[in-house]
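Residue numbers start from 1 in every chain, and the chains themselves are labelled A, B, ... in the order their sequence lines are given, proteins ahead of strands.
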Protein chains: 2
Amino acid sequence: MPVNARNKPTPKQPPLPRSDCTCGSLRKASRRISQFYDTALAPMGLKSTQYSILSEVDRGSRLKPVTMCELATAMVMDRSTLGHNLKPLEREDLIILRPSADDRRKRHVELTKKGRATLQKSLRLWRHAEQRFEKIFGKQPAAELRAVLLGIAGNKQLNSLPIG
Amino acid sequence: MPVNARNKPTPKQPPLPRSDCTCGSLRKASRRISQFYDTALAPMGLKSTQYSILSEVDRGSRLKPVTMCELATAMVMDRSTLGHNLKPLEREDLIILRPSADDRRKRHVELTKKGRATLQKSLRLWRHAEQRFEKIFGKQPAAELRAVLLGIAGNKQLNSLPIG
DNA sequence: GGCATTCACGGGCATATGCCCATATCTTAG
DNA sequence: CTAAGATATGGGCATATGCCCGTGAATGCC
């Protein structure tokens, strides 16, 4: 050991404190906000992810029906995860899966009549929650936050492994 | 129908498009980032939440051992959820639960020797991930984002129901 | 055309998340 | 001191999330 090792100056790059974890912060915020939206959506019997899925299916299938793969990509979700998450919705007859005629590997995800009606009603509850959040957090900051988050969600650089 | 209904001006408050869901954006970003950190932490066999828990236990027990309840609050996590999440860590001998002497209802969560060693090693992997994220996202923006997220995570207004 | 590769999906496993309810313990009103 | 209420935790259930692997289908290369 060098004689003056003990006198070395403090390293210029102090170690990041563990409280500064972006992932941890995101997950904490996610838990809190999910709680908030889940409570708001509870009267319709939907969890926030289920609402998101129905919403995404509705939005994505304006032009042509979406496949599971496309939907998973849109949700920034593993394909298998989406598959699992669709089951309760299918059981409740909110969506239906149809094999594609073009490519028999693919399955189209479609809203049923009941699914559309449920989404419609949930939309009101969701809007209420969103407005309540914006009242607390500020309308403009909320919009900026969403933009930042969606930017992160869509950033492929953040994954060595492909997703969706 | 009023004769000039078709000429009505655009409604002042257009309905929020469903893509503008703060909860959905948060969850999508959370999935993407968790993926990123999980991959980074994989060599030590820890998921991002497990790393967070170990880190929080270490940080929280500087003065006196933390109880499950306190830990759950710090993690913005349901108490039961924390209980479930501790099991794999306990099984792997990374933490140990001790009944409190003061209050026999409480259980203290403590890192084992192996737990401390694992945390130590994981810290390097985590730092690497955090730095990689900051390289992509920017150091300052990352710090600001964490602050915003932790602000949301700690905002009790966002829950009618108490958490943790 | 035939075979290797790629792609879309499902099944099984493990963890993450939260609800409801039960139990044991502590606290406090009386 | 005792009964009622509050607090800390666990067990069971359901969904959320993602990995690995297998299967069937399309695509591309010779």
Side-chain angles (χ1 to χ4, degrees), chain A residues 23-24 26-28 30-39 41-42 45-53 66-73 75-92 97-109 159 161-164, chain B residues 23-24 26-28 30-39 41-42 45-53 66-73 75-92 97-109 159 161-164:
Chain A
C23 184
L26 249 171
R27 291 183 77 109
K28 286 179 188 178
S30 202
R31 284 182 212 112
R32 177 76 71 184
I33 293 290
S34 295
Q35 191 76 20
F36 185 70
Y37 281 76
D38 280 350
T39 303
L41 291 170
L46 289 182
K47 306 295 212 77
S48 53
T49 294
Q50 297 178 326
Y51 171 80
S52 271
I53 291 177
V66 286
T67 66
M68 293 191 53
C69 219
E70 294 163 346
L71 188 53
T73 300
M75 294 285 301
V76 193
M77 192 180 278
D78 183 84
R79 301 165 221 242
S80 300
T81 303
L82 178 65
H84 298 152
N85 292 353
L86 290 184
K87 278 185 184 167
L89 299 175
E90 200 180 5
R91 173 161 34 79
E92 293 297 323
L97 298 174
R98 286 185 207 289
S100 164
D102 300 344
D103 186 337
R104 275 178 299 168
R105 289 174 304 181
K106 297 180 182 174
R107 295 178 75 189
H108 293 312
V109 187
N159 263 335
L161 312 176
I163 215 177
Chain B
C23 184
L26 249 172
R27 293 184 77 110
K28 286 179 187 177
S30 202
R31 284 183 213 114
R32 176 77 69 183
I33 293 289
S34 296
Q35 191 77 19
F36 184 69
Y37 281 75
D38 280 350
T39 303
L41 291 170
L46 287 183
K47 304 297 212 76
S48 52
T49 294
Q50 297 179 326
Y51 170 79
S52 271
I53 290 176
V66 286
T67 65
M68 293 192 52
C69 218
E70 294 163 347
L71 188 52
T73 300
M75 295 286 300
V76 193
M77 192 180 276
D78 183 83
R79 300 165 222 241
S80 300
T81 303
L82 178 65
H84 299 152
N85 292 353
L86 290 183
K87 279 186 184 167
L89 299 174
E90 199 179 6
R91 173 161 33 81
E92 295 296 325
L97 297 175
R98 285 187 208 288
S100 165
D102 300 344
D103 185 337
R104 275 178 300 169
R105 289 172 305 180
K106 297 181 182 175
R107 295 177 76 187
H108 292 155
V109 187
N159 264 335
L161 312 176
I163 213 175

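Atom CZ of B/Arg98 and atom P of D/dT9 are 15 Å apart (whole Å). Separating the CG atom of B/Leu82 from the C1' atom of C/dG18 is a distance of 12 Å, rounded to the nearest angstrom. Here D/dT7 presents its P atom at 17 Å from CE of B/Met68, a figure rounded to the nearest Å. A straight line from CG of B/Leu71 to P of D/dA8 spans 14 Å, rounded to a whole angstrom. Between the CG atom of A/Leu41 and the P atom of C/dC19 there is a distance of 14 Å, given to the nearest Å. If you take CD1 of A/Ile33 and C1' of C/dT17, they are 16 Å apart, rounded to a whole angstrom.
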Between the protein and nucleotides 12-16 of chain D, list the N/O to N/O atom pairs that are separated by less than 3.5 angstrom.
from, atom 1, to, atom 2, distance (Å)
D/dG12, O6, B/His84, NE2, 3.3
D/dT15, OP1, A/Arg91, NH2, 3.0
D/dT15, OP2, A/Arg91, NH2, 3.3
D/dA16, O3', B/Arg27, NH2, 3.1

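For B/Lys47, the side-chain contact (heavy atoms from CB on, under 4.5 Å) partners are B/Asp38, B/Gln50, not counting sequence neighbours. With sequence neighbours excluded, the residues forming a side-chain contact (heavy atoms from CB on, under 4.5 Å) with A/Lys106 are A/Thr67, A/Ser100, A/Asp103, listed by chain and number. Under the salt bridge (charged side-chain N to carboxylate O under 4.0 Å, His left out) criterion, B/Arg98 pairs with B/Glu110, sequence neighbours left out. Checked against side-chain contact (heavy atoms from CB on, under 4.5 Å), B/Val109 has the following partners two or more places apart in sequence or in another chain: B/Val57, B/Val66, B/Met68, B/Leu71, B/Leu86, B/Ile95, B/Leu97.
For the pair B/Lys87 and D/dG11, the criterion of a side-chain N or O lying under 4.0 Å from OP1 or OP2 is met. Between B/Gln35 and D/dC19, a side-chain N or O to OP1/OP2 separation shorter than 4.0 Å is present.
Side-chain N/O atoms of B/Arg27 and A/Ser52 include no donor and acceptor closer than 3.5 Å.
Here the straight-line distance linking atom CZ of A/Phe36 with atom CG of A/Leu41 works out to 10.5 Å at 0.5 Å rounding. For the atom pair SG (B/Cys23) and OH (A/Tyr51), the distance works out to 10.5 Å, reported to the nearest 0.5 Å.
Put simply, the side chain of A/Asn85 reaches to within 4.5 Å of the side chain of A/Met77, judged on heavy atoms.
Under the 3.5 Å distance criterion, the side-chain polar atoms of A/Arg31 are left unmatched by any main-chain donor or acceptor of A/Leu26.
Minimum atom distance to the side chain of A/Lys106 is reached by C/dA8, of the listed D/dA8, C/dA8, C/dG11.
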In B/S/- notation (B base, S sugar-phosphate only, - none; protein heavy atoms under 4.0 Å), nucleotides 23-28 of chain D written 5' to 3' is -BBS--
